[in-house]
*Asks:* 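Can you keep this structure in mind? I'll have questions shortly.
Atoms considered below: every heavy atom in the structure, side chains included; atoms not considered: hydrogens, waters and symmetry mates.
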Amino acid sequence: MKRYFLIISMIVLALCLTVSCATKVTTEPVIEEVIALDSSVSDIQKYGNLVLTITKSDMDAIGAEYGDVFTISFGSEVVEAPYCTSYSDVDLGNLVLRNDGETMILAINMGDFATTYGIATKVTNADKTYQWVFEEGKKLEDVTLSFVLTGKGEYRDQYLIHQLSRTNERADYSSDAVFANFREIEGGNLGSGALYRSSSPVNNEIGRAKYADAFVKENGVKTVMNLADSDEAILGYFAEEDFASPYYKSLYENGSVIALNMGVSFKTREFQAGLAEGFTFLANNEGPYLVHCNEGKDRAGFTSAVLSALMGLSYEEIAEDYMTTYENYYHVEKGSEQYEAVKRSNIDSMLTFIAGVEASELPNVDLAAKTEEFLTAIGMDKATIDTLKANLSKNYK
């Protein structure tokens, strides 16, 4: 059965109350509109995805847009899923309500919805064919679901971010520097040629190592903070057939590279301890400095934001530097809806975590002072922070 409807509920009638001199107090009616769809299941696909009887046209009719979030009820279960176009529009293991042409599908990205939620059991036959078996007395037609639009646009930013794609082909980029995501961080109290960031100059997994290594050498980098690799991994890169980063190797063999092997979640104690260790290494060694992970995007993005804020760069300058990576890798245009979505989701979240303020306060807060507080909280002493600032303020060019 397929049907859609608009439920208009919660109409509060006027109440008449007699107060002292028989004064009437009338309450205005309150109307809350709930947008919903009911659906049956027409099929269960091989991997447990539910093929629904509602269609893309039905979604259009209720004004649903990609990035809206639906609350879905079936049996005793209540779950949430964003409305998207692809399984990969959500992270692995997450629910997604996606359209496949005109067909609507409810699924788990890289998962089995039907099995996970006890809709049916998959039985594989001896000839490798399969069938879905239901509880006794039940059949496919008995599976019904209710979809209520409860989060208008709530997932829109994440949906736009998941649309990003890039290649690892040099010919698709305007320059070697853009391809390697290599650049100097400038502004505030940073000295000329003091701080650089890039994709990995040693791990050639994404084909950029030799390009980044050339820029590291050209700019005279003397100390490197490697956020991604262990010493064992670095030695492994040296032994690979496509290794072509001799300058990086010379820095490593000279003891000028710290291998921190950090995860990607900047909110963990492990990440923060690695950050403090890496910054102490920079304070104890001569610049110019390079910060990198694999892509030079997430871990390097957070680390660069911390150093930039410490050195007095404004919120706008820090955000612009962070977003340059997305312009480099994904050709995201400044000011576009996708650009703003990434900015809100990523760098704004990073800076609010560092400064301990709301995103709306970022343009006006003293980021340098807040960052010093953050560094103290993760275990750095004032003398080391002061030395780090002094090193980063020198003119190396």
Side-chain angles (χ1 to χ4, degrees), residues 185 189-191 194-203 212 216 221-238 245 248-311 313 318 321-322 347 349-351 353-356 367-394 396:
I185 302 175
N189 299 315
L190 281 169
L195 181 61
Y196 298 89
R197 56 180 294 182
S198 77
S199 60
S200 178
V202 64
N203 175 5
V216 173
V221 169
K222 292 186 177 180
T223 301
V224 178
M225 189 171 168
N226 181 333
L227 305 163
D229 300 311
S230 64
D231 289 300
E232 182 181 9
I234 292 174
L235 293 174
Y237 301 141
F238 292 165
S245 304
Y248 194 98
K249 184 177 181 181
S250 69
L251 289 174
Y252 181 82
E253 291 175 343
N254 191 45
S256 299
V257 178
I258 186 168
L260 294 166
N261 196 27
M262 292 160 61
V264 296
S265 177
F266 57 81
K267 294 184 178 181
T268 66
R269 182 56 194 161
E270 291 76 14
F271 186 100
Q272 293 160 26
L275 207 62
E277 183 182 358
F279 289 161
T280 300
F281 184 77
L282 299 188
N284 292 333
N285 289 273
E286 187 179 359
Y289 303 100
L290 173 75
V291 172
H292 78 86
C293 49
N294 287 335
E295 297 177 333
K297 179 167 63 71
D298 300 316
R299 286 165 289 192
F302 184 86
T303 303
S304 298
V306 173
L307 293 174
S308 297
L310 178 68
M311 296 306 293
L313 272 73
I318 296 169
D321 174 71
Y322 180 87
I347 187 60
S349 295
M350 292 175 181
L351 290 174
F353 179 77
I354 294 165
L367 286 174
K370 290 292 186 180
T371 302
E372 285 209 37
E373 293 175 10
F374 171 76
L375 293 178
T376 301
I378 67 173
M380 293 187 69
D381 59 74
K382 187 177 187 307
T384 304
I385 295 171
D386 288 344
T387 301
L388 176 62
K389 290 168 63 177
N391 289 355
L392 288 169
S393 67
K394 294 178 183 177
Y396 293 93

*Asks:* Got a sec, which pairs hit side chain to side chain donor-acceptor pair (under 3.5 Å) with one end in residues 278-288, sequence neighbours left out?
*Replies:* Lys222-Glu286
*Asks:* Could you report the tightest heavy-atom contact between Ala259 and Ser230, atom names first, then the distance?
*Replies:* CB-C, 3.8 Å
*Asks:* With Phe353, which residues qualify under ring pair (Phe, Tyr, Trp, His ring centres under 6.0 Å), at least two apart?
*Replies:* Phe266
*Asks:* Any side-chain heavy atom of Val291 sitting closer than 4.5 Å to one from Ile185?
*Replies:* no
*Asks:* Between Tyr237 and Val202, which heavy-atom pair has the shortest distance, and what is it?
*Replies:*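 Looking at all heavy atoms of both residues, the closest pair is CB-O, 3.5 Å.
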*Asks:* What is the minimum heavy-atom distance between Val216 and Pro201, and which atoms define it?
*Replies:*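 Of all heavy-atom pairs spanning Val216 and Pro201, the closest is CG2-CG, 4.1 Å.
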*Asks:* Should Leu375 and Val306 be marked as a side-chain contact (heavy atoms from CB on, under 4.5 Å) after you check the CA-CA gap, both sets of side-chain angles, and the distance that decides it?
*Replies:* CA-CA 9 Å; Leu375 293 178; Val306 173; 3.9 Å; yes
*Asks:* Less than 4.5 Å apart, any side-chain heavy atom of Leu392 and any of Leu282?
*Replies:*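 SC-SC contact between Leu392 and Leu282 ruled out.
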*Asks:* For Cys293 and Ala300, which heavy atoms make the closest approach, and how far apart are they?
*Replies:* SG-N, 3.5 Å
*Asks:* Under the criterion side-chain contact (heavy atoms from CB on, under 4.5 Å), I'd like the reasoning laid out for Leu307 against Thr371: C-alpha separation, chi angles, the key distance, then a yes or no.
*Replies:* CA-CA 8 Å; Leu307 293 174; Thr371 302; over 6 Å; no
*Asks:* So, taking the atom named CZ in Arg197 and the one named CG in Asp321, what distance separates them when rounded to the nearest 0.5 Å?
*Replies:*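 Spacing of CZ (Arg197) from CG (Asp321) equals 5.0 Å.
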*Asks:* Any non-hydrogen side-chain atom of His292 less than 4.5 Å from a side-chain atom of Tyr248?
*Replies:*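 They are in side-chain contact.
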*Asks:* Evaluate the side-chain proximity of Leu275 to Phe302: yes if any heavy-atom separation is below 4.5 Å, no if none is.
*Replies:* yes
*Asks:* Go through Glu372 and Ile385 one step at a time and tell me if the side-chain contact (heavy atoms from CB on, under 4.5 Å) criterion holds.
*Replies:* CA-CA 8 Å; Glu372 285 209 37; Ile385 295 171; 4.0 Å; yes
*Asks:* So, for Ala194 and Tyr396, which heavy atoms are closest and what is the spacing to 0.1 Å?
*Replies:*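 For Ala194 and Tyr396, the tightest heavy-atom pair comes out as CA-CD1, 3.5 Å.
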*Asks:* Check whether any side-chain N or O of Asn391 sits under 3.5 Å from a backbone N or O of Ala283 as a donor-acceptor pair, and report yes or no.
*Replies:* yes
*Asks:* Which distance, rounded to the nearest 0.5 Å, do you find between the OG1 of Thr223 and the CG of Leu195?
*Replies:*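 Atom-to-atom, Thr223:OG1 and Leu195:CG are 11.5 Å apart.
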*Asks:* Are the side chains of Leu260 and Glu277 in contact, using a 4.5 Å heavy-atom criterion?
*Replies:*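 In short, these two side chains touch, coming nearer than 4.5 Å.
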*Asks:* CG of Asp298 to OG of Ser265: how many Å apart, nearest 0.5 Å?
*Replies:* 11.0 Å
*Asks:* Run the side-chain contact (heavy atoms from CB on, under 4.5 Å) check on Tyr252 and Val224 step by step: do they pass?
*Replies:* CA-CA 9 Å; Tyr252 181 82; Val224 178; over 6 Å; no
*Asks:* Can you tell me if Ser393 uses its side chain to pair, donor with acceptor, with the backbone of Ala390 under 3.5 Å?
*Replies:*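 It does hold such a pair.
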*Asks:* Is there a side-chain contact between Ile318 and Leu351, using heavy atoms and a 4.5 Å cut-off?
*Replies:* yes
*Asks:* Please check if the number of heavy atoms outside Glu253 that lie under 6.0 Å from its CD is greater than 12.
*Replies:* yes
*Asks:* May I ask you to test the Leu310-Phe279 pair for a side-chain heavy-atom distance under 4.5 Å?
*Replies:* no
*Asks:* If you round to the nearest 0.5 Å, how far is NZ of Lys249 from CG of Leu235?
*Replies:*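 Here the interatomic distance stands at 9.0 Å.
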*Asks:* Could you tell me if the side chain of Met262 sits less than 4.5 Å from the side chain of Glu270, heavy atoms only?
*Replies:*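 Of all side-chain heavy-atom pairs linking Met262 with Glu270, none is under 4.5 Å.
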*Asks:* Rounded to the nearest 0.5 Å, how far apart are OG of Ser245 and CD1 of Ile234?
*Replies:* 11.5 Å
*Asks:* State the OG-CG distance between Ser308 and Asn189, to the nearest 0.5 angstrom.
*Replies:* 11.5 Å
